[in-house]
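A short write-up of the structure that comes next.
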There are 2 protein chains.
Amino acid sequence: MVAAKPSLELVRSLTDEHVLRALMRHRRLTRAELAAETGISKPTAGESVRRLTERGLVADTGERTPGGRGRGRVGSYYALTAGTGVALAVSIAPEGIVAEAVDAYGDTVARACRPLDRPARPDQVAAALTAAAAELATATPRLAVVSAADPVDRATGRLIQLPDAPFLIGELDPVALLRPYVDGPVTVDNDVNWAARAEPGPTDFAYLYLGEGLGCAVVSDGEVKQGRTGLAGEIAHLLTVGPDNSAVRLIEVFGQLGLRQPDSTAIDVDRVLADSPTVRRSVGRAVSGAIAAIVALTDPELVVIGGSWGPPLLDDIAAAVADLPRRVPLRAATLTDEPALAGARADALHRLRAAIIGATT
Amino acid sequence: MVAAKPSLELVRSLTDEHVLRALMRHRRLTRAELAAETGISKPTAGESVRRLTERGLVADTGERTPGGRGRGRVGSYYALTAGTGVALAVSIAPEGIVAEAVDAYGDTVARACRPLDRPARPDQVAAALTAAAAELATATPRLAVVSAADPVDRATGRLIQLPDAPFLIGELDPVALLRPYVDGPVTVDNDVNWAARAEPGPTDFAYLYLGEGLGCAVVSDGEVKQGRTGLAGEIAHLLTVGPDNSAVRLIEVFGQLGLRQPDSTAIDVDRVLADSPTVRRSVGRAVSGAIAAIVALTDPELVVIGGSWGPPLLDDIAAAVADLPRRVPLRAATLTDEPALAGARADALHRLRAAIIGATT
DNA sequence: GCCTTCCAGGCAAGAGCCCTACCTAGAATT
DNA sequence: AATTCTAGGTAGGGCTCTTGCCTGGAAGGC
């Protein structure tokens, strides 16, 4: 809330910001088009282009306005240069690692995949992560945004194990691992949080992830709430109604119903999907208890159900939710193709653009 | 995220904002002190004072720098005028209504109280509210901020009844009632939310209110999360552990233990405080179930316990919380004297200042 | 009692940024 | 070949801020 210092430099940096944002939106523009697009006068736009060219952020593409357009003088197209750099978006999941390099236009300019054995040992995960990063680090990224399929400590970016909750990837410190390959900040967050950020929805909704692990992201006023350590939404030990009506933790319901993978804390998805209507009803009731808590505490407009077995059991969950004292609409997640990576990619783009703008000041 | 238009007018309004904020902080300053305080040059500061004087926001107080200070020329003290106006902060609770008028310095310049009968009928509450507002409306306030001891619909500002939850004040539309007395926006929120905003604490904590009603405010990244309709934190029907270990709604625990007021949905506070250790243990366990849900969903650094019977039962609650899978520190609320009004007052001040600054633009 | 010191406030000059208005160059059309 | 039309450049002016200097008046020192 502290107001910026009033100075002419502020005005100039604002002009440059407008020009850069216009180029990010439209990829290439002449100086006259820039002036029309930003509402800035032609001389000022031209001067800004000159400054940005000098800084190496913008360059004449060599292209000229095509003759067909108008009959006047040909204009020179300007565009962002390679000097604006790229950002890394990385997804770490039990299935494997996917890393992408995104430029300031939002284009994915490179992509590296590393499948993982199941279950993978932490050192294998670390090796796959650094290998993927190395493959993309030809142009050193200015920052990285990482999605991980486990609880993430907000302060350190490390993956952490919570009591009794599935731990799918294991001990890992993505910040330390990526630092050699990234020339800037590394942001890490839970995959459910990223998927929620990517999901189109209202400003206040909850994203319930039901897969091998259980997770939940709460979007409030358009932002994902992370909590103190970043563990908000770790609902595995939320109290709910068990098969025998007693109060049990959500994850224990799957133990009682025999739906956990052998020698693991993870849920056996195939068995959940194949089970009897009675069991599905029990699962639905248990999930509805979690939804009741989400509704009471965060008052979402909508609960989005994602994950591998959530949408298939949507009807069972909805039937149980109908008995709750406060109604809330449910919906299956619309984004099904790499939702967490999509969220991380969008944030990487946002941060990259902010870094480019900020470097102007 | 849209950057402001780059213009010299922007710079000028920023200068005026700096001057106004300096005067809000220090009450009265000479032009030379203003320049030193804001970091702006003397001629610019003097020019800004001239503009603001012309707008009627600032005036020469007539005071001169006291001889004792320095030996140079005497300076003229400038201060905000009555033209900056006042804001109203109002608390609506079962005990009564308190309204305060706050000026841009944060001083309470007037206060009106109207006690209420228990239980009060909604029309009596409305009459008391308008009477209190009328008493303070000598200088028409520029805005009002209202705290109400019932769930508040975020969109309309109306008090609303939730199924099975205590409804202490009843149907009321503070926005409509105050509109004749206030020349600007009227903001309404739940008393627990206001108390949480006033409570000194970390950026991520939960405020659990345990009194006649049950409430909870979640502060995430320093802001109270309200949810879609403003009903986030209405925890009365959160699932928890009942006296017989079955899963029941939190408010029903008090029914099962015979701790609700006759013919009312409210909790009988005196009986809670006077009851046996066994009952206190049951209450503590039920509350710990709610805390478990709060921890799982919002990951607070700390849970602050407020309300009339919360702090006295802190030990019983803490004992039950110690058995939870995830630990969280508890603390009694530090602000005990009109905490909700304090929060509303702080917000009224904040909004009044923003209105004064914004009017400059 | 007079002189020096010190500071609030005002004035002048200058630099930076943006805008309007006009000019110029060069390609397409007539 | 003349005209039309548009991108880009130039000139001048207005606005805001800053630095540097001057002025007036009160307190303190001799």
- CZ of Arg50(A) versus P of dG16(C): gap in Å, rounded?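 Rounded to the whole Å, the gap is 12 Å.
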
- Between Arg64(A) (CZ) and dG8(D) (C1'), how many Å, whole number?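 Atom-to-atom, Arg64(A) to dG8(D), this comes out as 12 Å.
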
- Does CG belonging to Asp183(B) count more than 12 external heavy atoms closer than 6.0 Å?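 Counting neighbours around CG of Asp183(B), 12 or fewer heavy atoms of other residues, nucleotides or ligands fall under 6.0 Å, so no.
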
- Can you check whether Arg31(A) has a side-chain N or O nearer than 4.0 Å to OP1 or OP2 of dA7(D)?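 No, because none of the side-chain N or O atoms of Arg31(A) sits under 4.0 Å from OP1 or OP2 of dA7(D).
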
- Message: Please confirm whether the shortest side-chain N or O distance from Arg73(B) to OP1 or OP2 of dG24(D) is below 4.0 Å.
- Response: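 No, no such contact exists.
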
Polar pairs (N or O, both sides) under 3.5 Å between protein and nucleotides 11-18 of chain D?
residue: dT16(D); atom: OP1; partner: Arg12(B); partner atom: NE; Å: 3.4
residue: dT16(D); atom: OP1; partner: Arg12(B); partner atom: NH1; Å: 2.3
residue: dC17(D); atom: OP1; partner: Thr15(B); partner atom: OG1; Å: 2.3
residue: dT18(D); atom: OP2; partner: Ser41(B); partner atom: N; Å: 3.0
residue: dT18(D); atom: OP2; partner: Ser41(B); partner atom: OG; Å: 2.7
residue: dT18(D); atom: OP2; partner: Thr44(B); partner atom: OG1; Å: 3.1

- How about Gln226(A) and Ser220(B): does a side-chain donor come under 3.5 Å of a side-chain acceptor?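 No, because no side-chain N or O of Gln226(A) sits under 3.5 Å from a partner of the opposite role on Ser220(B).
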
- Item | Electrostatic pair Arg27(A):Glu63(A) at N-O distance under 4.0 angstrom |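 Result for this pair is no, no salt bridge flagged.
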
- Item | Electrostatic pair Arg51(A)-Glu54(A), nearest N-O below 4.0 angstrom |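 Salt bridge: no.
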
- For the student: nearest non-hydrogen atoms of Glu301(B) and Pro202(B), plus distance: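 Looking at all heavy atoms of both residues, the closest pair is OE1-CB, 3.3 Å.
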
- Task: Please name the pair of heavy atoms, one in Tyr78(B) and one in Leu23(B), separated by the smallest distance, quoted to 0.1 Å.
- Result: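 Closest approach of Tyr78(B) to Leu23(B), heavy atoms only: O-CD2, 3.5 Å.
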
